[in-house]
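If you're wondering where the values come from, they're calculated on a predicted model, not measured in any experiment. Here is the naming used below: chain letters follow the sequence lines, and residue numbers restart at 1 for every chain.
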Amino acid sequence: MTVRNSVRDILLEALNLCSRDNLLLTAEFPPLIIETPANPEHGDFATNVAMQLAKGERKSPRAVAEILVNKIAEASNAFERVEIAGPGFINFTLKKSEWQTLLKEIASSGSSYGRLESSGSRKVQVEFVSANPTGPLHVGHGRGAAIGDTLCRLLDATGWDVTREFYYNDAGQQIYNLALSVQARCLGIEPDDPRWPADGYQGEYIKDLAKAYLSSETVETDGHSVTASANSSDLESIRIFAVAYLRREQDIVLKAFDVRFDNYFLESSLYTSGAVQDTVDRIIGKGHTYEEGGALWLRTTSFGDDKDRVMRKSDGGFTYFVPDIAYHLDKWNRGFVRVVNEQGADHHSTITRVRGGLQALDVGIPLGWPEYLLHQMVTVMRGGEEVKISKRAGGYVTLGELIDEVGVDATRYFFVMRKPDSQLVFDIDLAKQHSTDNPVYYVQYAHARICRIFESAAESGFSYDPASARVELLETDEEIRIIKSLASLPETIQSAAESFEPHRITSYLHNLAGELHSFYNCHRVLSDDPGLTTSRLFMLATVATVIKSALGLLGVSAPERM
RNA sequence: GCGCCCGUAGCUCAGCUGGAUAGAGCAACGGCCUUCUAAGCCGUAGGUCGUACGUUCGAGUCGUACCGGGCGCGCCA
């Protein structure tokens, strides 16, 4: 129960009291909006309900507000003031004691504060990263990994049972190209050689791969090991080794990035199990296809697409979105009533196709299933200029390189700092800076600062007993402001999870850290007054806990010293 | 040409799903350390919210049309 919800409940009760006493014409109330005014003079909370009711009541908004305010006083004594302002807003100012009491409640929840108790087993699957095993992960995958992982943590914190899944496109043309490229490198063929395969992968990593293959290296990934045969004419053997090699490399980077998956799903398994063929047959059976030009077409225009799409090419092969549909049918059959796919926005056109294919199957899948969270492109800047070239991959900066240079904490924080819908400019210089300019350090520093105060207290022989804290001593503006921020954590987590906007957590943290720093600069914590010292330490301990758990939602550490 | 995303301070971005005087951080300028970490704080300056209509008590937020930028529009994945 958040403070905002409590206010909403009181307001609703006041409205009901009005109805009971026949003070209002209507008993149908609009959804009650309790907002936080931008201007502190307008109180802690405000509602516009009087303005919404005014027309129906044939009264002025202020007159409606007048009636309501009287009943609010009857419904609750939690408020210092309830005022009518502006065009008809009702502004609520809570008593300080309400905030102070709230701090105690927050503190008693400890590290679980802000989390919603899981109400049963609401299963959700989140698919993210899903990079092709044809090269190292790039910064775009990094953003996807950070956003996807944070979303998983947010959903987990809001009561969902989350399954994290990675889909490997390990079948099809691009893997064939990969094998050809490695084979070419094995034979000493360079990209400018006329014998170099068309659409071959040119990055340096292919050379490393070829070298590993020729020296019969063994790689382990996903629980099994593959040893290279070193035979350059065995393309199938090259393919198997190359995929295993690159998967392992991706695994290592993701592990370093602290991103884990519960399940790895291989596209190739959809072919070996017959799921792809089965899916096609079922769609044909439902009559949503036709043959033209030697190809089999899916009538996606029936499901909102702007043109129909080929499912089976005239050469007999399936196009890429057919296994996608089979894959999603598999997710549905596994009982995931809710599925979220986190992807780069450059793949947004697949949404209509996948959903259309699922509708064509006619197995009762809802129209908006699965949900999508798309992120826009990442641009990496260094020294004011865009960085494009990487040693390993050639054409793009890899996630591994970025982590090595700026560290996991800063990388993760920066990737989720912006709304996924916005393109992201990743400023390497800023991310590496150990100063106030760097938002990650700004937040982490607030945590470290609190830890240091506790250390100082211990060093000076002060024995801190949280049970004897007296919250009523916390009455300065800076303290009350901090408590209010602490109070808004649960709804921040809730809204970030519901709207798929992890950046709300970084905004929250930056704001809370700022309030902590302001407080620190205006008030001493360790003073001659043991009662006040204890009470302030009590508040700081709570702030540290909240910072740590909110950073934890982002997969960012909360250091005790910096 | 069509579809999706974006356009807010010089720069990077918020703006709580329609509220009151549009915010923060960089960059610029001026202050604050013999006392818990100055990796910090306080202050000044900076705006036609891309443009124009519309919806209503009320628009940065919703709608339409333009302008500008990105991405996608294959029997590639």
Let me know the distance between [atom1] of [X] and [atom2] of [N], rounded to the nearest Å.
X: A/N521; N: B/A38; atom1: CG; atom2: P; result: 7 Å
X: A/R504; N: B/G23; atom1: CZ; atom2: P; result: 19 Å
X: A/R452; N: B/C36; atom1: CZ; atom2: C1'; result: 9 Å
X: A/H517; N: B/C36; atom1: NE2; atom2: P; result: 16 Å

Will you find, in the side chains of [X] and [Y], an N or O donor that is under 3.5 Å from an N or O acceptor?
X: A/T352; Y: A/D305; result: no
X: A/T2; Y: A/N5; result: yes
X: A/D44; Y: A/T93; result: no
X: A/T476; Y: A/E479; result: yes

Across the strands shown, which category fits [X] at heavy-atom distances under 4.0 angstrom: base, sugar-phosphate, nothing?
X: A/A54; result: nothing
X: A/A446; result: nothing
X: A/D170; result: nothing
X: A/H523; result: base
X: A/F454; result: nothing

* Asked: Taking the inter-plane angle between the rings of A/F414 and A/F426 on a 0 to 90° scale, is it parallel (under 30°), tilted (30 to 60°) or perpendicular (over 60°)?
  -> tilted

Residues in side chain to side chain donor-acceptor pair (under 3.5 Å) contact with [X], at least two apart in sequence or another chain:
X: A/R143; result: none
X: A/N177; result: A/Q173
X: A/K331; result: A/Q125, A/E127, A/H328, A/N341

* Asked: Listed by chain and number, what are the salt bridge (Lys or Arg N to Asp or Glu O under 4.0 Å) partners of A/E478, not counting sequence neighbours?
  -> none

* To do: For A/R239, enumerate each residue passing the salt bridge (Lys or Arg N to Asp or Glu O under 4.0 Å) test, keeping only those at least two apart in sequence or located in another chain.
  => A/E236

Under 3.5 Å donor-acceptor pairs involving side-chain atoms of residues 367-378 of chain A, not counting sequence neighbours:
{"from": "A/W369", "atom 1": "NE1", "to": "A/F336", "atom 2": "O", "distance (Å)": "3.3"}
{"from": "A/W369", "atom 1": "NE1", "to": "A/V337", "atom 2": "O", "distance (Å)": "3.1"}
{"from": "A/E371", "atom 1": "OE1", "to": "A/R338", "atom 2": "NH2", "distance (Å)": "3.1"}
{"from": "A/E371", "atom 1": "OE2", "to": "A/R338", "atom 2": "NE", "distance (Å)": "2.7"}
{"from": "A/H375", "atom 1": "ND1", "to": "A/E342", "atom 2": "OE1", "distance (Å)": "3.3"}
{"from": "A/H375", "atom 1": "ND1", "to": "A/E342", "atom 2": "OE2", "distance (Å)": "2.6"}
{"from": "A/H375", "atom 1": "ND1", "to": "A/Q343", "atom 2": "O", "distance (Å)": "3.3"}
{"from": "A/H375", "atom 1": "NE2", "to": "A/G140", "atom 2": "O", "distance (Å)": "3.3"}

Could you list the donor-acceptor pairs under 3.5 angstrom formed between side-chain atoms of residues 45-53 of chain A and any protein atom two or more places apart in sequence or on another chain?
{"from": "A/T47", "atom 1": "OG1", "to": "A/I33", "atom 2": "O", "distance (Å)": "3.1"}
{"from": "A/T47", "atom 1": "OG1", "to": "A/V49", "atom 2": "N", "distance (Å)": "3.2"}

* Asked: Does the ring of A/F89 lie flat against the base of B/A20, closer than 5.5 Å centre to centre with planes under 30°?
  -> yes

* Structure fact -> Among the nucleotides B/A20, B/G15, B/A24, whichever has the atom closest to the side chain of A/H510 is B/A24

* Can you tell which of B/A20, B/C16, B/A14 lies closest to the side chain of A/H503? -> B/A14

* Asked: Is there a side chain to side chain contact (heavy atoms under 4.5 Å, CB included) between A/E405 and A/I428 once you walk through the steps?
  -> CA-CA 8 Å; A/E405 187 167 355; A/I428 287 188; 3.5 Å; yes

When you compare [N] with [M], how far apart are their [atom1] atoms, in angstrom units rounded to a whole number?
N: B/A24; M: B/C71; atom1: C1'; result: 29 Å
N: B/U44; M: B/C26; atom1: P; result: 16 Å
N: B/C11; M: B/A38; atom1: P; result: 33 Å
N: B/G69; M: B/C29; atom1: C1'; result: 33 Å

Quick one: what's the B/S/- string for [range], heavy-atom cutoff under 4.0 Å, read 5' to 3'?
range: nucleotides 42-49 of chain B; answer: S-------
range: nucleotides 72-77 of chain B; answer: SSSBSB
range: nucleotides 5-13 of chain B; answer: SS-----BS

Give each protein N/O atom lying under 3.5 Å from an N/O atom of nucleotides 56-63 of chain B, with the pair distance.
{"from": "B/C57", "atom 1": "OP1", "to": "A/K55", "atom 2": "NZ", "distance (Å)": "2.9"}

* Asked: Is any side-chain nitrogen or oxygen of A/R449 closer than 4.0 Å to OP1 or OP2 of B/A38?
  -> yes

* B/C41 OP1/OP2 closer than 4.0 Å to side-chain N/O of A/Y442 -> yes

* Asked: How does RNA chain B look in dot-bracket form if you count Watson-Crick and G-U pairs under 3.5 Å, write [ ] for pairs that cross, and put | where a base pairs with another strand?
  -> (((((((..((((.....[...)))).(((((.......))))).....(((((..]....))))))))))))....

* Want to settle it: does A/F519 or A/N39 sit nearer the 5' end of RNA chain B, counting the closest nucleotide to each? -> A/N39

* Closest-nucleotide 5' rank along RNA chain B - winner of A/A448 and A/L430 -> A/L430

* Start with the C-alpha gap between A/K307 and A/W297, add the side-chain angles, then the distance that decides, and say whether side chain to side chain contact (heavy atoms under 4.5 Å, CB included) holds. => CA-CA 10 Å; A/K307 57 178 93 159; A/W297 295 72; over 6 Å; no

* Hey, does the side-chain of A/N91 have a donor or acceptor N/O within less than 3.5 Å of a partner on the base of B/A20? -> yes

* With the side chain counted from C-beta on, respond yes when A/N132 and A/Y168 share a heavy-atom pair under 4.5 Å apart, and no when they do not. => no

